[in-house]
Chemist: 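Quick one: the structure is below, and I'll ask about it shortly.
Below, chain A is the first sequence line, B the second, and so on; all start at residue 1. Excluded from the calculations below are hydrogen atoms, water molecules and symmetry mates; all remaining heavy atoms, backbone and side chain alike, are included.
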2 protein chains.
Amino acid sequence: MASSSQYHHGDLHSTLIDAASSRLEKFGIDGLSLRKLAEDVGVSRTAPYHHFKDKNALLSAIAAKGFEQWHQIAVDIFDNDSIPPEQRLKDFIHAYIGFATEHPQIYELMFGQTLWGEGKASAALRDVAYPSFQYQVKMTKLLQEKKLLPTNQQALRLAQVTWGTLHGIARLIIDGIYADASHIEEMCDCAAALFMQQKNLN
Amino acid sequence: MASSSQYHHGDLHSTLIDAASSRLEKFGIDGLSLRKLAEDVGVSRTAPYHHFKDKNALLSAIAAKGFEQWHQIAVDIFDNDSIPPEQRLKDFIHAYIGFATEHPQIYELMFGQTLWGEGKASAALRDVAYPSFQYQVKMTKLLQEKKLLPTNQQALRLAQVTWGTLHGIARLIIDGIYADASHIEEMCDCAAALFMQQKNLN
DNA sequence: AATGAATCTTGACAGTGTCAATTTAACCCT
DNA sequence: AGGGTTAAATTGACACTGTCAAGATTCATT
């Protein structure tokens, strides 16, 4: 585990993940070359292959870290009983878009075509991505019971659509399509208002 | 313009676009190699460079075709006076998701990171992508006047959020994240219901 | 100390996009 | 009709990429 040795790195596995993460944030997914990465870490071109089956496996590991990180943020917001549910949902929305726009490259990796396209998502990736969604379904049910979200829809369906909304807004902003960063707050508020319209009914 | 000659192709420009489109639909963006494409068309590796500045320029041309196609679909739906506005919006939603899921690769190209990432979208692409959105803003205003969409939001903001919703749903379905093709209809209906909640108010 | 497994190395291969210099054909003008 | 300009297509080359196969080095365990 020491760093004295030259030939054996010691902890290449996690060193690769760290170096790759920082390269990813700087240069994007396409700018992340395994060879340059190996050079960064001071190891030969093929050394990473002893720790990751291929490039996608390394990327998946980074994405996994992202999912865990996001899941923690989501839980922290929804489990905070000192804040009214309505505000929690608003906070959640802002946090989601904030997370996506502050780490656009990682977000792209987590939800982009590189890992998910063509149904090529590994079971491991699915397993780490799913809890966040399941949790959102649960929260959706809860907010429906409190009549903050429409009650005439299945929770699963509604959760898919609300996640879709956040996902779509995040991507439009990240890629600068029909929207830019200066609209973030207003778009979040607009989405929140759309979700919770029936609040004004009672 | 004839096809007798061997050396000069005659109409390589549009031949490339066609061949690239079909290769794109089969193999995806990453599977589209300029060299293989040239071979398909029966021309040397670098011939395409006399018609397109680089790979992205060719991809942009394909995307442009997609935007024009989609814009026409959208206009046809919204301008159909024989159908009540509420139904038109529903049709529009289904058409959007249908377009995206029936041509996933082209949709990915039109709205994906390849062309838009890092703010690298060309002015030409923006020009061809924007009218569709402007049109949707106009339709949003109209539906707000008819009290089918929430009136307490700016049309621009609401259009961004609704487009975001459709965009997000499309991507979740295409990439198989938290949703799959068998949910399409229900998700569209759920989104429509979410947009038009205030209909039940009057 | 020796053996087997884990780890890392160099070498090699098949791809990729794209530039430079060159050849071929088409077009236009006198 | 012929000569010159220009457009179109070609081969060659370069710098990359991910990844496999074989061999070298070190670690861990008996």
Chemist: Under 4.0 Å between a Lys/Arg side-chain N and an Asp/Glu carboxylate O for B/E39 and B/R35?
Modeler: no
Chemist: To the nearest 0.5 Å, tell me how far B/F78 CZ sits from B/M139 CE.
Modeler: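 Between atom CZ of B/F78 and atom CE of B/M139 there are 6.5 Å.
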Chemist: Could you state the NE2-C1' distance from A/H13 to C/dA6, rounded to the nearest angstrom?
Modeler: 15 Å
Chemist: Between residues 23-38 of chain A and DNA chain D, which residues have a heavy-atom gap below 4.0 Å?
Modeler: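 Correct list: A/L32, A/S33, A/L34, A/R35, A/K36.
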Chemist: List in numerical order all residues of residues 47-60 of chain B for which some heavy atom is under 4.0 Å away from an atom belonging to DNA chain D.
Modeler: B/A47, B/H50, B/H51
Chemist: For B/Y107, check ring pair (Phe, Tyr, Trp, His ring centres under 6.0 Å) against everything at least two apart and list the hits.
Modeler: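 B/Y107: ring pair (Phe, Tyr, Trp, His ring centres under 6.0 Å) contacts with B/Y96, B/F111, B/H167.
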Chemist: Listed by chain and number, what are the side-chain contact (heavy atoms from CB on, under 4.5 Å) partners of B/A64, not counting sequence neighbours?
Modeler: B/V128
Chemist: Any luck finding a side-chain donor-acceptor pair between B/Q69 and B/H103 under 3.5 Å?
Modeler: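 Side chains of B/Q69 and B/H103: no pair found under 3.5 Å.
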Chemist: Any residue in residues 14-22 of chain B with a heavy atom nearer than 4.0 angstrom to DNA chain D? Just list them by number, or reply none.
Modeler: none
Chemist: Between B/E108 and B/R171, does any side-chain N to carboxylate O distance fall below 4.0 Å?
Modeler: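 Between B/R171 and B/E108 there is a salt bridge, with a charged N closer than 4.0 Å to a carboxylate O.
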Chemist: In chain order, what residues pass the side-chain contact (heavy atoms from CB on, under 4.5 Å) check against A/I73, with sequence neighbours excluded?
Modeler: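 Listed in chain order: A/W70, A/I77, A/A95, A/F99.
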Chemist: Could you tell me the separation between the CD atom of A/E39 and the P atom of D/dG18, rounded to a whole number of Å?
Modeler: 13 Å
Chemist: Calculate the interatomic distance between A/R45 atom CZ and D/dT19 atom C1'; express it in whole Å.
Modeler: 12 Å
Chemist: From B/I93 CD1 over to B/T165 OG1, what is the distance, rounded to the nearest 0.5 angstrom?
Modeler: 9.0 Å
Chemist: Counting neighbours of NZ on A/K120 that are heavy atoms of other residues, nucleotides or ligands and sit closer than 6.0 Å, is the number greater than 12?
Modeler: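 Buried by this count: over 12 neighbours within 6.0 Å.
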Chemist: Can you tell me how far the NZ atom of B/K141 sits from the CD atom of B/Q154, to the nearest 0.5 Å?
Modeler: 10.0 Å
